[in-house]
Structures are given as structure tokens and as C-alpha cells.
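Right, one structure below, let's go through it.
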Amino acid sequence: MEKDKKAKSKNAVNMFFSGVLVLTLANILVKSVGLISKIVLNTVVGSVGAGYYSSAYEIYAFLYIIATSGLPVALSIMVSKCRAQGRIKEARKIFNVAICLFLVIGGLFAGLMIAFSGPISNFISAPETAICIIAVAPTILFICLSSCLRGFFQGYQLMKPTGVSQFLEALGKVFVGVGFAFWARAQGYEDHEVAAFTILGVTSGVFFGMVFLFIKKLFFKDKAFYDDNVLEIEPTAKSTKSIFKELLTIAIPITLSSCVLSLTIIIDTFMIQPRLIASGMNADYVRIIYGDYTTLVISIINLPTILIYPIANALVPLITGAIAIKDYRKAEIMRSFSLRVINIISIPCALGIGVFSRNILDVMMFTKDSVERAAPWLSVGAASVIFLGLISATNAFLNTSGKQKYPIISMLCGACVKIIANYILLPKIGIYGAPVSTVLCYLTATTLNVFFTVKHVGKLPDIKRVFGKPLLCSVVSIGFSVILYLLLDLILPMKIATIICILVAVLLYFFLIIRTKTISKEELISLPYGKKMVRCLEKLHFFTKKCEK
């Protein structure tokens, strides 16, 4: 019996990390390419142009969340449940219903963006943004169709199609977008027009990703579809009406919770510029600092999500499938392990970004003036990373346990805190109010989410191992890297000293989480290529004899 439990645990961790690995690698490539485009945008378009770009992009991103956050997850949950229970025909029918729904939603939202581009741009005190909104509008339709296909594949625990399509999107963004930016600037277009040409890269990239997914689906065959025995014994699939109802029942609460989470960005889009201008600040200067804040600060704070969000995405089909067959042991294993891994990632990232904000921005070759302005804002907002990790994990726990309404409550409360804090702080402390209010928003949402998780899903795992050890290891490794930087800065150029210190901090942190047993040897072996990793670590004496027993 004990052997069976260990086998289940190992298999669950293995399946989990296989999906996480694919999505993480894709996200690293996507964010790397995206960061390149941000650097070029900041250099070629300038802070004002970057502000126009960001305003249009964040409006698109908000509608994108509404259109695609809940339905792909609902589709993934329903397909995963059907496959776990052997209802293969129903899984196919669910996809057919979903693709029609996505087509309608995508077309509607794209049309609304184009129709209301003028009023929206006037409302945010940036009328030049209208052309950028129109340029990005078709992307909503393309991404809706892509998200439907991704949800289907993720229900089959196939993460590679999602990863490849995301990478194609990023390639379009950087090559088409940056290419258009250079061309438009050479032609002498104004800042908002250059930004509009740049944002066309997003539209073209999403189109390429969508075409790839459709081709992949065209050639996709689940052997069970063609297994006559399965088709004979499988009960008749649910009606289109019942599938449609179930999709919306699952999707709407998830969409609302995700939508409210993205409200932190959209609230800033609609509040920062008007509120600062109303306080007496020069309008041109406001657009400059707003462009720096959205391009530099938000981009860096979102970087750790490369490693965090794939964990939450991979959790959904695994936990759903386990609950569908009443394997509650496996579901609990995945919750505990994923929460620990998310903290192992998010805590050191938050501390590192907070301490080395100026150095990180400088290494990424943003313009000097932008770095000087944005570095303090980044240090203030760095704490958001920890709360983003906890929110993503607890949202996944609640959504897969049928408690989708509770993340909505958490996020609504967080959004209210954000609005109130922005309104009060922006006139008093300037744009510093934006990162402060974001931290308060995420702190509120995290606190409520943890409360709901403990009450309705199950108690949180060992606090010492899940939170205490990653925090201790992070403080030690970041503290050592600060001392090392102060010494290296005397003899080396700042950028080289920064890179060396970051690498040393990462290695020291990895060593500490192993020696403190934050991650065990057995868990490392369960990872993809884990055995090879453990053999290398044994040669380096990372594991003590006591740990090996």
C-alpha cells in the first residue's frame, strides 16, 4: 500500500513537471523575445511612444482576459474530466461547441475595440492612442480561437502545442513589430504612429500562432476516437445545450476572477495619467513617466511569471482528472508540491528585483534616463511577485475544487483597494502610488484567497517548509550577493559585477534549498532529467550522507 502511494506521488510529480517544463521553456523564450522588443521600443519609439503602445496594449490585454481566461480553463477541465472517465466522444463535442462560442466572442470584442477606439483614447487623456487600439483590435479574434485550441490540447495534457504557438506569437511581435518600428521611424512618422506600426507585430504574431494550432488540430488523432470498443460502450454525449451551460458555469467565475486580477493594470491605464495631470503635473512629463512605468517596471515585475504561471496551468488538468476519479491523495500531493515550488521561485525573485532594481534595468540596456526614473518604482513594486505566485496557486486550487466564486470575491476586494489607494496616493506621492497600490491590492487578494482555500479546500501544508525555508534561503543568498557586489563594483564594470552577483546568488540559493531539504533528493529525481541532475549534484557534494539514506 505504501509503495502504491509513493508510486502515485512520483507519477503525479513527474506528469506535473513534464507539463510545467514545456510551458516554462516556451514562456522563457516568449518573455525573452518580448523583452527584446520592449528594449527596442524604449530606444526607437521613446518613452512617450511606449506610453501610447502600452495604453493600447493594456486595453487589449483587459479584453483578452475577459474573452479567454475562463473558457480555455473550463474547456481544459471538461476535456480532462471526460478523458479520465473514458467519455471520448463527449470531449470532441465539447471542443466543437467551444470553438463556435470563441468565434462569436472574439468577433464581438474586436468590433467593440474598433468602434470605441476614439472614446476610450479620449477618456484616458491620450487621444493619439486610438490608432494603436485599432491596430491591435483583430488580435482579440485570433487569440480567442488560439485559446480554444490550447484549452483542448491542455485537457489532453499536451502542453507543447501551447508552447510552440506562444513562441510564434513572440517571434511575430519582435520581428514584425520591431521591423515596422524602425521603418516607421525612418519614414518620419510621429510617436503614436510608430507605436501603431509596432503593435501590428502583436497582431501578426498571434495570427501565426493561431494558424499553427489549427494545423496541429487538423492532424491530431486520439487513438481512443478510433477504438470501436470504447465508442460502443461510451454513453451518448451530452447535448449541445448542456455542454454550453456547463462551459459557462465553469468559465464565468474564472473569467471574472482573472478579469479583476488584470484590473490592476487597466485601473492604472485609466487612472495614472488623468490623476497626475489633474494634480498639476505637466502632461508631457506624465506621458514620459507613464511610458517608463508600464514599459520597464511592469515588464520586470511580470518576468517571474515565466516560471510561475506554467505551474498553475499544468495543475488544472492534473487536479481535475484526479478529482474526477476520486484520487484525492494525488490532488493533495499536487497542491502541496506546487505551492512549495511557486514560493521557491517567487520569494527570491521578489527580493532580488527589489534589491538590484537599478542594476537589472541597466543590464537590460534601457535608456539611462528611463532607468534612473524607473528603478525606485521597481523596488517598491517587487513585493507583488510573491503575491502573484500565491494568487495563481490558490486560484488553481479553488477553481479545480468547484469553488470558482471565491477568487472573484478576493479579486474584487483587491481591485477596490487598488482604486482607493490610487486615488489617494497618486496626487500625494506621484507615480509611486501605482506600485504601492498594486502591492496592497495583491496582498488583499492573497489574504482572502488563502482564507478561502483553508476553509473550503483543505489546510495549507507545512508553513515552515513551504514559506519559511524559501524565505531564509532567499535572504541569505541575496544578502551574500549584495556584499559581493560592493566588492566587485570596486574593480569591475557595473554590468559585469551585476551579472556575476546574480549568478552567484542563484547557485547559492539552489545549494541552500537542497541542503535545507526544501526540495528533497527524491523530488529532484522525479523531475525531467532529474536522475542526471542528482548524479551531478552528488559529485559536487550537494547532498550529505544523511540526506542520501
Side-chain angles (χ1 to χ4, degrees), residues 8-28 31 154 157 159 163 302-319 322 329-353 385-400 446 449-450 453 457-474 477 505-531 533-534 537 542:
K8 280 184 179 181
S9 173
K10 184 175 179 180
N11 186 50
V13 173
N14 232 327
M15 291 174 66
F16 170 67
F17 266 100
S18 295
V20 170
L21 181 65
V22 171
L23 291 178
T24 299
L25 290 174
N27 268 355
I28 290 172
K31 291 293 186 181
Q154 288 174 14
Q157 296 172 9
M159 305 300 174
N302 285 339
L303 273 180
T305 61
I306 296 172
L307 305 173
I308 294 170
Y309 287 167
I311 297 173
N313 291 337
L315 272 177
V316 171
L318 280 173
I319 294 179
R329 164 82 176 170
K330 178 181 174 182
E332 183 56 37
I333 289 169
M334 297 320 303
R335 290 192 194 102
S336 176
F337 189 60
S338 62
L339 185 60
R340 182 154 38 100
V341 172
I342 283 175
N343 281 301
I344 286 172
I345 294 167
S346 63
I347 292 174
C349 285
L351 288 177
I353 291 171
V385 175
I386 297 174
F387 303 126
L388 278 171
L390 291 171
I391 289 170
S392 67
T394 49
N395 274 358
F397 300 163
L398 291 165
N399 288 334
T400 53
T446 300
N449 255 20
V450 170
T453 300
V457 179
K459 66 177 183 179
L460 290 175
D462 181 17
I463 300 296
K464 179 182 176 182
R465 192 179 184 199
V466 170
F467 297 99
K469 288 185 176 181
L471 178 60
L472 176 63
C473 296
S474 299
S477 57
V506 170
L507 291 173
L508 178 58
Y509 180 71
F510 186 63
F511 173 79
L512 290 172
I513 63 172
I514 291 174
R515 294 306 289 263
T516 58
K517 299 181 184 179
T518 308
I519 287 186
S520 68
K521 181 177 177 180
E522 290 72 23
E523 287 168 337
L524 278 175
I525 291 173
S526 298
L527 305 181
Y529 308 105
K531 290 182 180 179
M533 190 190 306
V534 167
L537 293 173
F542 269 56

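We count residues from 1, following the sequence as given.
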With I386 via side chain to side chain contact (heavy atoms under 4.5 Å, CB included) - residues at least two apart: I347, A350, L390

To the nearest 0.5 Å, tell me how far [X] [atom1] sits from [Y] [atom2].
{"X": "I514", "Y": "Y509", "atom1": "CD1", "atom2": "OH", "answer": "11.0 Å"}
{"X": "I344", "Y": "I513", "atom1": "CD1", "atom2": "CD1", "answer": "5.0 Å"}
{"X": "F467", "Y": "L339", "atom1": "CZ", "atom2": "CG", "answer": "4.5 Å"}

Could you check if a side-chain atom of [X] sits within less than 4.5 angstrom of a side-chain atom of [Y], using non-hydrogen atoms only?
{"X": "F510", "Y": "C473", "answer": "no"}
{"X": "P304", "Y": "L388", "answer": "no"}
{"X": "N449", "Y": "N395", "answer": "yes"}

Contact summary for S474 and P470, nearest pair of heavy atoms: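 Scanning both residues completely, I find the closest heavy atoms to be OG-O, 2.6 Å.
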
- request: Identify the two heavy atoms, one from A505 and one from S477, that lie closest to each other, and give their separation to 0.1 Å.
  value: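 Nearest pair, atom of A505 first, then S477: O-CB, 3.6 Å.
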
- prompt: Who passes side chain to side chain donor-acceptor pair (under 3.5 Å) against N343, sequence neighbours left out?
  reply: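 Checked N343 against side chain to side chain donor-acceptor pair (under 3.5 Å); zero matches.
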
